[in-house]
Student: 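Supplied in structure tokens, the structure appears directly below.
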Amino acid sequence: MVFGPVPSRRLGMSLGINTIPYKNCSYSCVYCQLGPTRNIQIHRGYFYDLKELVEEVRKKLHSLSVRGVRVDYLTLVTDGEPTLDKGLGRTIEALKQFGIKIAVLTNGSLLGLGEVQKDLMSADLVSIKVDALSEDVWKSINRPHPNIDHINILLGILDFSKNFSACLLTETMLIESMNDDYAEIIKIAAFLQKLNPNHSYITLPLRPPAETGIKSPSSSFQKAVLDIFHDAHLPAELLNVPEGNNFPVGDQFEENVLSIVSVHPMREETLRKLANRSGYNWQGIERMVKTRKLHKKVYNQETYYSRY
Ligand code: SF4
């Protein structure tokens, strides 16, 4: 349930908390780095024991503090959609005892529900995905559960943004031949402007996507999107480079790596550096690939490791 910490471009050193069974999501995004959604659903449920989770976080924070590793955020980032957890609100409240800021990274698809908005209200940071404004583009990129209503999501996101007083981020993934259209980007920027976010991130499919043929648009288009966002007075940033290599050494190398890559596939260079610093032999990684614990994949001339 607890993994990392992971060096994050947006959150500093982020200790991940995964509270959803593998690949349960309301979307099946074409660019998802975790592969296709296994269980596409919109019904919220309880998936874990809160006491056990809090104890796991306590132990992890203790072992990190012994090693002098600081944690900037406890981040509910799952291998699915974190708002599917009906216990999200009580989890955020329980995690506050550690005195570390709490972040939730959501696709926003359930924000039409008052109970989801209420659960997220006590987070210190919420990041919401907005990849499209037009329904057909949204359907082609995010491939949502058939019973989700797009207008209801947008209204829910808008409503949430009006009442949420902590840090609000947005994320927009650019995909060639899907949302690389100026009219669509102008509509997205106009919508994001209404949310008054603290920061709007423009992201690219840098890690292996669920579907083949998913590519970033040209760098001139990426730059144009940044200009359009800035013209809309959005504090925007283009994230066009992979994450850093600064993963702290964990207690048990294999367990640590498997829990990280189940949410966050790692580049070979990053994994090699972590293995070196942990005193772990690379042959162990090759064994994990052979025994199908780790999945090795080449994308954009880079080798990545994810969970099977
Ligand atoms: S990218 Fe996020 S929202 Fe999209 S399918 Fe993957 S886990 Fe779900």
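For ligands, and for the atoms within them, numbers begin at 1 and follow the listed sequence. Remember, it's a predicted structure, so these values are computed and weren't measured experimentally.
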Student: Nearest non-hydrogen atom to atom 1 (S) of ligand 1 belongs to which of G108, P209, C32, S28?
Tutor: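 Minimum heavy-atom distance to atom 1 (S) of ligand 1 goes to C32.
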Student: Counting heavy atoms only, which part of D79 comes closer than 4.0 Å to ligand 1: side chain, backbone, both or neither?
Tutor: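 Near ligand 1, D79 shows nothing, with every heavy atom at 4.0 Å or more.
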Student: Please compare P82, G80, P144 and report which has the shortest non-hydrogen distance to atom 7 (S) of ligand 1.
Tutor: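 Heavy atom nearest to atom 7 (S) of ligand 1 belongs to G80.
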Student: Rounded to the nearest 0.5 Å, what's the gap from CG on L271 to CH2 on W282? Could you check?
Tutor: 4.0 Å
Student: What's the shortest distance from atom 3 (S) of ligand 1 to any protein heavy atom, and which residue and atom give it?
Tutor: N107 ND2, 3.4 Å
Student: Given that the side chain starts at C-beta and the backbone is N, CA, C, O, which of these parts of K129 lies under 4.0 Å from ligand 1, counting heavy atoms, or is it both or neither?
Tutor: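 For K129, the contact with ligand 1 is made by the side chain alone.
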Student: For atom 8 (Fe) of ligand 1, grab the closest protein heavy atom and report residue, atom and distance to one decimal in Å.
Tutor: C25 SG, 2.3 Å
Student: For ligand 1, which atoms sit closer than 4.0 Å to a heavy atom of T37?
Tutor: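 So the answer, numbered in order with elements, is 5 (S).
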Student: I want to check a possible cation-pi pair here: R277 against F253, using under 6.0 Å from ring centre and within 45° of the ring axis as the test.
Tutor: no
Student: For atom 4 (Fe) of ligand 1, what is the nearest protein heavy atom, given as residue, atom name and distance?
Tutor: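 Among all protein heavy atoms, the one nearest atom 4 (Fe) of ligand 1 is C29 SG, 2.3 Å.
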Student: Between L61 and L15, is there a side-chain heavy-atom distance shorter than 4.5 Å?
Tutor: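 The answer is yes, as the side chains (C-beta and beyond) meet within the 4.5 Å cut-off.
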Student: What class does the angle between the rings of Y27 and W138 fall in, given that below 30° is parallel, 30 to 60° is tilted and above 60° is perpendicular?
Tutor: perpendicular
Student: Say whether, by atom type as modelled, one donor and one acceptor occur between the side chain of N179 and the main chain of I175 under 3.5 angstrom.
Tutor: yes
Student: Are there over 12 heavy-atom neighbours, none belonging to K129, within less than 6.0 Å of that residue's NZ?
Tutor: yes
